[in-house]
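Since the structure comes first, as structure tokens, the remarks are kept for the end.
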Amino acid sequence: MEEENNLSFEEAMLELEKIVEKLEKGDVPLEKAISYYQEGMQLSKICNDKLTNVQEKMTKIMNEQGQFETFEIQEEE
């Protein structure tokens, strides 16, 4: 799991896609399918954590004085 935490978002997504492809084929023994599923869930959590981290960073913007301010997207009406 430590090695997986060092994966980039893109690397984790690629690995997750490979697992999904293997499981979708349906010819995987039950024990291996469970192992793939567990690995996929770990990769999914890594991706989610990375997205959450980026989202938190993106909701703040540094002003001219070097202080962070909350950034809000204004939708057109």
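The structure presented is a predicted model; accordingly, all values stated were derived computationally and were not measured.
- Summarising the geometry of Leu7 relative to Leu43, their closest heavy-atom pair is CD1-CD2, 3.8 Å, with the distance given to 0.1 Å.
- With Leu14 as reference, Glu17 is the one residue of Glu10, Glu17, Glu11 to meet the side chain to side chain contact (heavy atoms under 4.5 Å, CB included) rule.
- Shown here are the salt bridge (charged side-chain N to carboxylate O under 4.0 Å, His left out) partners of Lys18, two or more places apart in sequence or in another chain: Glu15.
- Of all heavy-atom pairs spanning Tyr36 and Ile19, the tightest one is O-CG2, 3.5 Å.
- The line from NZ of Lys32 to CG of Leu23 is 10.5 Å long, rounded to the nearest 0.5 Å.
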Problem - Full working for side-chain contact (heavy atoms from CB on, under 4.5 Å) between Ile46 and Lys50 - result: CA-CA 6 Å; Ile46 289 169; Lys50 289 184 183 291; 3.7 Å; yes
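- Residue Glu39 holds its CD atom at 14.0 Å from CD1 of Ile34, rounded to the nearest 0.5 Å.
- Connection of Leu51 to Met13 is established within a shared hydrophobic cluster, with ILVMFWY side chains joined at heavy-atom distances below 4.5 Å, either directly or through further cluster members.
- In this structure a side-chain-to-backbone donor-acceptor pair under 3.5 Å is present from Thr52 to Asn48.
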